[in-house]
Protein chains: 2
Amino acid sequence: MPKPDESPDSGTEKKGITDSVLFSLIGYRLKRVYMQIQPLAQRVLAENDLRVVSFSCLSIITDNPGIVQSELADALQMERSNLVVIIDELEERGLITRKKIPTDRRRYALTATLRGRHLRDRAAAKVRTAEDEVLGWLDEDDRDRLLTILGRLERRTAR
Amino acid sequence: MPKPDESPDSGTEKKGITDSVLFSLIGYRLKRVYMQIQPLAQRVLAENDLRVVSFSCLSIITDNPGIVQSELADALQMERSNLVVIIDELEERGLITRKKIPTDRRRYALTATLRGRHLRDRAAAKVRTAEDEVLGWLDEDDRDRLLTILGRLERRTAR
DNA sequence: CATAATGATTATATTCAATAACTATATCTG
DNA sequence: CAGATATAGTTATTGAATATAATCATTATG
């Protein structure tokens with residue numbers, strides 16, 4: 001039989017640490033990969049004074065002109081209340097506009113400005129490039145498969 | 001041309017909200033799936049008064065008897081300082097032991113007790129079952145593929 | 001031996017998401 | 001139509017998770 005030092009069995013390489021049980025749990029594995037990618041995105045977005053969440057907002061607003069805050073919160077699966085400051089800032093920076101809807105004055109129509117759309121496009125390109133640092137390990141097939149499988153998982157579940 | 005209401009294009013279904021740009025970013029997609037699975041694990045672990053992080057610790061200690069705290073912190077990619085309270089609690093609950101290493105009295109050898117190992121096994125089984133609520137959508141092939149691809153991504157990157 | 005490095009700890013700060021309460025407007029129901 | 005109920009946005013507050021910095025004991029190094 002080989003020494004236990006050989007055949008790391010699973011992840012968490014380094015000094016022969018094994019975690020075969022954790023390694024078989026998808027949640028754990030997803031988190032690990034996510035935690036690798038997230039800081040990369042964070043870093044490049046910071047160059048444009050964006051955080052991941054504000055970039056996500058800007059991006060969805062860009063693609064959905066006239067969206068209102070609660071729809072946005074819903075799309076990003078976050079609390080309406082936590083959106084407010086983010087929207088405030090995007091508006092102050094002239095990246096989006098916030099207009100009262102005449103037919104329902106409780107709601108604000110959010111729309112990205114030209115500047116906002118351009119910034120979104122530039123930032124998205126940067127994030128894509130940054131992600132490639134990690135995704136570079138995958139061939140085209142694997143990349144597609146990953147996105148496809150994630151898509152299948154993404155469909156609902158108990159809230 | 002069809003109405004923009006048709007062809008949701010990508011995720012974030014609901015009311016015709018599109019996010020084609022975000023949708024193509026792996027970080028975003030990983031996070032969404034992770035955020036679906038994580039609460040499920042959290043819920044079942046809470047039944048045994050475990051949090052995700054303490055379960056992870058217990059699990060790795062179980063698989064690596066004698067591991068020391070800095071190695072554990074390294075394996076879980078967390079700060080040593082944040083481990084302390086978790087280890088304290090696991091020890092107080094009699095799930096692990098913490099023994100000074102005679103050859104290096106700065107370090108503690110962490111080992112799971114019998115109770116700890118059993119709890120780990122039961123908890124892991126529960127988490128696996130809980131994850132199946134989401135993974136049920138995948139056939140066996142997709143599941144394997146997902147784990148394989150995650151494995152390829154997991155290998156290092158700029159810290 | 002003096003100094004630096006390491007492991008564990010403590011205290012502190014930052015960040016983020018969740019909750020509750022409030023205002024304004026809109027909708028529903030008798 | 002009046003009053004109750006629901007919705008959109010906001011504010012303030014909380015708690016959890018994570019990161020940072022300083023400290024102490026022990027070990028390694030020059």
Side-chain angles (χ1 to χ4, degrees), chain A residues 14-15 17 27-28 31-32 34-36 38-39 41-43 45-46 49-57 61 66-92 96-111 159, chain B residues 14-15 17 27 31-32 34-36 38-39 41-43 45-46 49-57 61 66-92 96-110 159:
Chain A
K14 292 276 177 189
K15 277 289 170 217
I17 301 297
Y28 177 68
K31 180 174 190 174
R32 289 185 77 92
Y34 171 65
M35 296 302 282
Q36 271 188 324
Q38 204 264 0
Q42 206 164 46
R43 197 188 61 209
L45 289 173
D49 297 300
L50 288 171
R51 293 183 301 140
V52 170
V53 64
S54 48
F55 166 71
S56 305
C57 289
I61 295 169
I67 192 175
V68 299
Q69 288 178 216
S70 37
E71 289 166 348
L72 180 57
D74 205 56
L76 289 175
Q77 292 169 198
M78 60 185 299
E79 294 298 320
R80 305 192 302 288
S81 54
N82 293 326
L83 256 182
V84 178
V85 289
I86 297 162
I87 298 299
D88 282 350
E89 200 211 315
L90 292 177
E91 189 189 19
E92 277 158 24
I96 65 168
T97 62
R98 175 153 53 170
K99 288 203 288 266
K100 268 199 159 54
I101 297 178
T103 66
D104 186 345
R105 304 201 319 279
R106 291 171 302 182
R107 313 206 271 179
Y108 291 99
L110 306 176
T111 310
R159 275 283 209 154
Chain B
K14 293 277 177 188
K15 279 286 169 218
I17 300 297
K31 179 173 192 173
R32 289 184 76 93
Y34 172 65
M35 296 302 282
Q36 270 189 324
Q38 205 263 1
Q42 206 164 47
R43 198 187 60 209
L45 288 173
D49 297 300
L50 287 171
R51 292 182 301 141
V52 170
V53 64
S54 47
F55 166 71
S56 304
C57 288
I61 294 169
I67 192 176
V68 300
Q69 287 177 218
S70 37
E71 289 166 348
L72 180 56
D74 205 56
L76 289 175
Q77 292 169 200
M78 59 185 299
E79 295 297 320
R80 283 171 312 187
S81 54
N82 294 327
L83 256 182
V84 178
V85 287
I86 297 162
I87 298 299
D88 281 350
E89 200 211 316
L90 291 177
E91 188 188 20
E92 276 157 27
I96 65 168
T97 62
R98 174 150 56 169
K99 288 202 289 264
K100 270 199 158 57
I101 297 178
T103 66
D104 185 344
R105 304 203 317 277
R106 289 172 303 185
R107 313 204 272 178
Y108 291 98
L110 306 175
R159 278 279 212 159

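Just so we're on the same page: letters track the sequence lines, and every chain starts at 1. Note that the structure is predicted; figures quoted are calculated from it, not measured.
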Whole-Å distance, E71(A) CD to dA8(D) C1', equals 11 Å
Without decimals, in angstroms, what is the distance between L110(A) CG and dA8(D) P? 13 Å
Please give me the minimum heavy-atom distance between Y34(A) and P39(A), naming the atom from each residue. O-CD, 4.4 Å
Please give, in whole Å, the distance from dT10(C) C1' to Q69(B) CD? 13 Å
Is it true that the side chains of K99(B) and Y108(B) contain a donor and an acceptor less than 3.5 Å apart? no
I need the CD1-P distance between I87(A) and dA8(D), as an integer number of Å. 15 Å
Might you point out which heavy atoms bring L50(A) and L90(A) nearest each other, and give the distance in Å? CD2-CD2, 4.3 Å
Rounding to a whole Å, what distance do you find between Y108(A):OH and dT7(D):C1'? 14 Å
For each nucleotide in nucleotides 23-30 of chain D, reading 5' to 3', give B when a protein heavy atom comes within less than 4.0 Å of its base, S when such contact involves only the sugar-phosphate, and - otherwise. ---BS---
Between CG of L76(B) and CE of M35(A), what distance do you get to the nearest 0.5 Å? 11.5 Å
Atom-pair distance (CD on Q38(A); P on dA17(D)), nearest Å: 17 Å
Output for pair (Q77(B) CD, R32(A) CZ), nearest 0.5 Å, gives 4.5 Å
At under 4.0 Å between heavy atoms, which parts of nucleotides 11-22 of chain C does protein reach? Answer with one letter per nucleotide, 5' to 3': B base, S sugar-phosphate only, - none. -----SBBBB--
Phosphate OP1/OP2 of dA8(D) contacted by R98(A) side-chain N/O (<4.0 Å): no
Which heavy atom of M78(B) sits nearest to which heavy atom of I86(B), and what is that distance? CE-CD1, 4.0 Å
Taking CD1 from I96(A) and C1' from dG9(D), how many angstroms apart are they, rounded to a whole number? 14 Å
Here the gap from R106(A) atom CZ to S70(A) atom OG, rounded to the nearest 0.5 Å, amounts to 9.0 Å
Just grab all the salt bridge (Lys or Arg N to Asp or Glu O under 4.0 Å) pairs involving residues 80-90 of chain B, residues at least two apart or on different chains. D88(B)-R98(B), E89(B)-R93(B)
In whole Å, I'd like the distance from the OH atom of Y34(A) to the P atom of dA17(D). 16 Å
Minimum-distance nucleotide (side-chain atoms of R107(A) versus dT9(C), dG7(C), dA8(D)): dA8(D)
If you take all heavy atoms of L72(A) and I87(A), which pair is closest and at what distance? CD2-CD1, 3.8 Å
